[in-house]
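Contents: one structure, followed by commentary.
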Amino acid sequence: MLAVLRCVMMRDLILAVRRLSDVLTTLFFFVIVVSLFPLGVGPEIEVLRMIAPGVVWVAAILASMLALGRLFENDYRDGTLEQLLLSPQPLSLLVLGKVMAHWAVTGVPLVLVAPLLGMQFGMSAQGIGVLLISLILGTPAISLIGAVGAALTLGVRGGGVLVSLLVLPLYIPVLIFGAGAVEASVSGLGAEAHLSLLGAILVLALCFAPWAAAAALRISLD
Amino acid sequence: MLAVLRCVMMRDLILAVRRLSDVLTTLFFFVIVVSLFPLGVGPEIEVLRMIAPGVVWVAAILASMLALGRLFENDYRDGTLEQLLLSPQPLSLLVLGKVMAHWAVTGVPLVLVAPLLGMQFGMSAQGIGVLLISLILGTPAISLIGAVGAALTLGVRGGGVLVSLLVLPLYIPVLIFGAGAVEASVSGLGAEAHLSLLGAILVLALCFAPWAAAAALRISLD
Amino acid sequence: MLEAINLAAVRGDRRLFAGVGFSLQGGDLLYVQGANGSGKTTLLRMLCGLVIPEEGKILWSQEDIRSEREAYLQSLVYLGHLCALKDDLTGLENLRITEALAGEEISEPRAMAALQGVGLNGYEDLPVRVLSQGQRRRVALARLALTQAPLWILDEPFTALDKASVGSLKTRLEDHLEDGGMVILTTHQEIEIKAAVIKQVALAEY
Amino acid sequence: MLEAINLAAVRGDRRLFAGVGFSLQGGDLLYVQGANGSGKTTLLRMLCGLVIPEEGKILWSQEDIRSEREAYLQSLVYLGHLCALKDDLTGLENLRITEALAGEEISEPRAMAALQGVGLNGYEDLPVRVLSQGQRRRVALARLALTQAPLWILDEPFTALDKASVGSLKTRLEDHLEDGGMVILTTHQEIEIKAAVIKQVALAEY
Amino acid sequence: MAFAGINWFKYSSPASFYPVAGKMIPWVASVAVILAVIGLYFSFFVAPTDYQQGEAYRIMFIHVPAAWMSMFIYVVMAGYAAMGLIFNTRLSAMMASSLAPTGALFTFVALWTGALWGKPMWGAWWVWDARLTTELILLFLYIGFMSLEAAIDDPRRASRSSGLLAIVGVVNVPIIYFSVKWWNTLHQGASISFDKAPSMASTMLTAMLLMTFAFWMYTIAMVLYRVRCEILERERHSEWVMALVEERK
Ligand code: HEM
Ligand SMILES: Nc1ncnc2c1ncn2[C@@H]1O[C@H](COP(=O)(O)OP(=O)(O)OP(=O)(O)O)[C@@H](O)[C@H]1O
Ligand SMILES: Nc1ncnc2c1ncn2[C@@H]1O[C@H](COP(=O)(O)OP(=O)(O)OP(=O)(O)O)[C@@H](O)[C@H]1O
Ligand SMILES: [Mg+2]
Ligand SMILES: [Mg+2]
């Protein structure tokens, strides 16, 4: 059971390393989108500090969404997805493995880079801490929710936009609570309420998304 | 001669329409990246006006770069690129056709949307005019230069990063003269010098890029 | 063991086939025949549980394959038109990962041996991207030497193979059938495979 | 017309073949033979000018094909392992666009007739994505009915075709040869094609 | 189907549902019109002026039923979608896709009237309040459902994929409903609940219920109409539709 989870993850991680470009593109993108702001806004640290949580979170969501297209598409084209569906393991487990690998190569770099960007925006250490926690809770949820959208639109005409259309509304709560947590902590209110809601979303997503994505894959490959 | 140029363009345009998603993703991205700024910076029109040219230009370059991956990649995978190389027409002409189609579906929407974004930033009518002209001259140059990079890294592992590394430095002059033209016009200096330099880059790119990209394609498919 | 009852398939507006039924015991070979586009691939994918039948059902040891999915998949190998290989991985990696996902961890020497068994000595460590068409197919076919599954569903397995490989695949199929395995096969080539019982399903143009 | 002199190819560290030479006149059929991975595809792509020979040269009417590229490509049709079809376009669109790029504008009725000639009546307006493997191949092969080019280079054209299609492709090749065309062919299947002159190039494992 | 005895799925076969639906439409539509006329009369002439909000509150008689319907229709749609996925019945999938446009319409109306109402009440057209946000998400879910279905060529796959999306989106509905309870927000709390007495005047309640029933009947009429079109479209190659077409000629 766990062996197969590990196997899928390893596979996708090796593939990501062989195509490092894709990983870096996401990260690159995130950094550039975020870095543009201070350039534009000018160095008034007060303003920067105010907009920081929103900017980082929006950039993170955009960057993860960009990477979604690759989650199942390549496997679909070369037939390996079909074989994955024929594995005697529960498909939702395999999907979970793929999503975890996807998160490891797109979400984790964002999380790691975020503190640097936070500093650039003059955020306090505490604010950065909360930003980090909110991203750690939020980015896997984004990947999980995105997986459902990606699976549903596999091989469909106009897949790219459709994914955004299907998935963005579901991202809104994550964005609201994620950016909300940082803002609350920066403005002195506690971030706990927001963070626990974010945690709840993650748990919900962990329970339902792999299952829904698996069902969607079965439909898409019919 | 022209018939074949038209044919390649039509083909790529039809394909783009069939996969409208990709076109819209680029546009969507451009709009979001640019729109984030006023949200972040707040509504002080003076600041916005100041940063507008740089922001729009950087966003345009990012958006076109995102779309570059698709220029030859799909044709390469399904074997149609090979057939394109076997066409008795000059390959550089075919490449030119593909680049023009690519520009039509990624560059033109950016150009069309840019005035709206300019207004959002409170730019003057004249400034918007210059922005438009600079984008009309600059975005095809970006597509042309990008084509060379995309052709060089076709099927190479880690292609994406390489493309960025190869192509970004070449974009810098375009960015400088493009944003420079708008800034110059906004600040009352004439934009002609910048625009004519931009025009020169475009002409240079038109002469050499299709040829270089064609040569790169031949090497990549060897 | 495997029983198909009154299967029908619809694609788009077209009804590909209807009323297809057969039953298969250990040692049986089933040829699925039909012109291009008659629905052979669709039928095979249906037998794997990938396509849901419009009508009818498929039983494995008397149980519907959709209710006993995991047990069924454990006893199944499917090779389709696509080789299901990752271009960026080597043959060895591809083989080991595919098998691991199918539930069997294969040691490196065993995987090596399987690849050498299909005549890929010296190509194990090349990324599959650079292999020739037939070599890619052979990497995919190497699974057959490793699997324990009794039911093999093969969609035109002889495509792109040279004569020697066709011969050795044929022998492998015959051995499997002799050992009590089952094989479901489509092929447009005339290749005679010896089996105790040979059945046929012909899909006519509907 | 076509002459190959002392060709050699190297891939990675491996020398695939060397010293390959032949000459082809109108009406000649050339079989390229060899096991999987022996370099048949590489040789055919070399003859198309896609791969640059490590040694040797290729002449078309006494001229090097690289100096007279456009004239040469005008008289050439190459069909490779991949079908070179765009999944999102219909068969009809694919055919017309491919031909237009090869320099011949085909009217819709003619393209229709060509598709019907390969037995795709009723499938002309489906996106190629939904077609079966053999139907896709047939869309690619429909070009042969439209082209004026004398030299056909075909890499395993019989793959995935059903018997009827194999037969009609065979007849088409024979007609072409009779009309003074040239065909260069690889295939692992045993299909006998009648021609005035049949030549062979065998690529041994190096 | 040639089964003997009672066939419970009889009316789930499109061929037998089609004529039944055709007979029902005029009746249901007339009831909808009658209820709407009475309901509007009650809303604008009978119900008393609110002592806090003046006349502006009357928008409630559209807003609240529309909001209710938007959620209710979504749940029904997801239910049909689930039935279609589980039992593989063709009619359920068609019902789901016929419900979507009406649901989207009511969602839009709820958002729009809410925004109109918000301007005088809160001084803003829009705030990122939990209920407002989740209701907006509902609209996007409807739109996503319809676009996904439209984007897929194969009708079977189209209805399955969009059905799955509908089921996934169902988590949003309880969140909309309970959002006012869970978060302390600008939006009004529930004014009608089953465990305590209604907190509003009984004429107001009557008006609101009348409007709700009118919307309901409208929905049923529209859905029956749409499902008939859908049946013809999807079953155009079946014998009974061909026979029908012959008959009309
Ligand atoms: C765009 C803005 C708005 C949206 C999206 C919205 C959404 C909703 C929704 C979904 C419901 C049904 C929930 C339920 O049954 O409990 C509802 C009910 C209601 N809304 Fe709004 N609303 C908006 C603005 C307003 C405003 C400005 C007011 C008045 C100040 C208002 C007052 C009410 C009332 C009184 C109910 C009935 C609650 C009940 O009886 O259960 N809404 N609204
Ligand atoms: N959306 C659709 N509309 C109409 N026909 C469709 C659609 N999708 C698939 N088809 C048809 O369904 C059939 C699928 O056939 P399948 O791939 O099972 O054929 P096959 O017997 O394996 O053929 P081959 O020998 O070429 O591999 C094809 O005829 C294809 O054209
Ligand atoms: N980078 C590389 N390193 C080593 N070998 C390589 C490399 N790239 C290609 N090759 C080898 O070159 C050969 C290419 O063969 P080619 O595709 O021409 O074979 P083929 O005769 O067409 O075979 P098939 O019958 O399978 O189509 C293969 O054996 C492949 O393994
Ligand atoms: Mg097939
Ligand atoms: Mg080959």
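We name chains A, B, ... by the order of the sequence lines, and we start the count at 1 in each one. It should be emphasised that the depicted structure is a prediction, and the values quoted were computed from it without experimental measurement.
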- [ ] Identify which part of D/Arg143 has an atom lying under 4.5 Å from any heavy atom of chain B, answering side chain, backbone, both or neither.
- [x] side chain
Task: Neighbourhood of chain D inside residues 88-97 of chain B, taking heavy atoms under 4.5 Å as contact - done: B/Pro88, B/Gln89, B/Pro90, B/Leu94
Task: Heavy-atom check, side chain of D/Leu101 versus side chain of B/Val8, under 4.5 Å - done: yes
TODO: Using a strict 4.0 Å threshold on nitrogen-to-oxygen distance, state whether D/Glu93 and B/Arg11 make a salt bridge.
DONE: no
Open item on the list: Around atom CD of D/Gln200, are there more than 12 heavy atoms from other residues, nucleotides or ligands closer than 6.0 Å?
Closed with: yes
Task: Residue D/Arg45 versus chain B: region with a heavy atom under 4.5 Å - done: side chain
- [ ] With the side chain counted from C-beta on, respond yes when B/Arg77 and D/Leu82 share a heavy-atom pair under 4.5 Å apart, and no when they do not.
- [x] no
Open item on the list: At a heavy-atom distance under 4.5 Å, which candidate from B/Arg218, B/Gln83, B/Met10 has the highest pair count against chain D?
Closed with: B/Arg218
TODO: Starting at OH of D/Tyr72, measure out to CG of B/Leu86 and round the result to the nearest 0.5 Å.
DONE: 9.0 Å
Task: Interface moiety of D/Leu76 toward chain B, non-hydrogen atoms closer than 4.5 Å - done: side chain
TODO: Report the option among B/Val4, B/Leu15, B/Ile14 that has the most heavy-atom pairs separated by less than 4.5 Å from atoms of chain D.
DONE: B/Leu15
- [ ] Under 4.5 Å, counting heavy-atom pairs only, tell me which of D/Asn94, D/Leu50, D/Leu89 racks up the most with chain B.
- [x] D/Leu50
Open item on the list: Using a 4.5 angstrom heavy-atom cutoff, name the option from B/Leu221, B/Leu84, B/Leu81 with the most pairs to chain D.
Closed with: B/Leu221
Open item on the list: Closer than 4.0 angstrom, basic N to acidic O: yes or no for D/Arg11 and B/Asp222?
Closed with: yes
Task: chain B contacts, top residue of D/Lys86, D/His81, D/Arg96, D/Gln74 (heavy-atom pairs, under 4.5 Å) - done: D/Lys86
Task: Nearest heavy-atom neighbours spanning B/Gly79 and D/Ala84 - done: O-CB, 3.5 Å
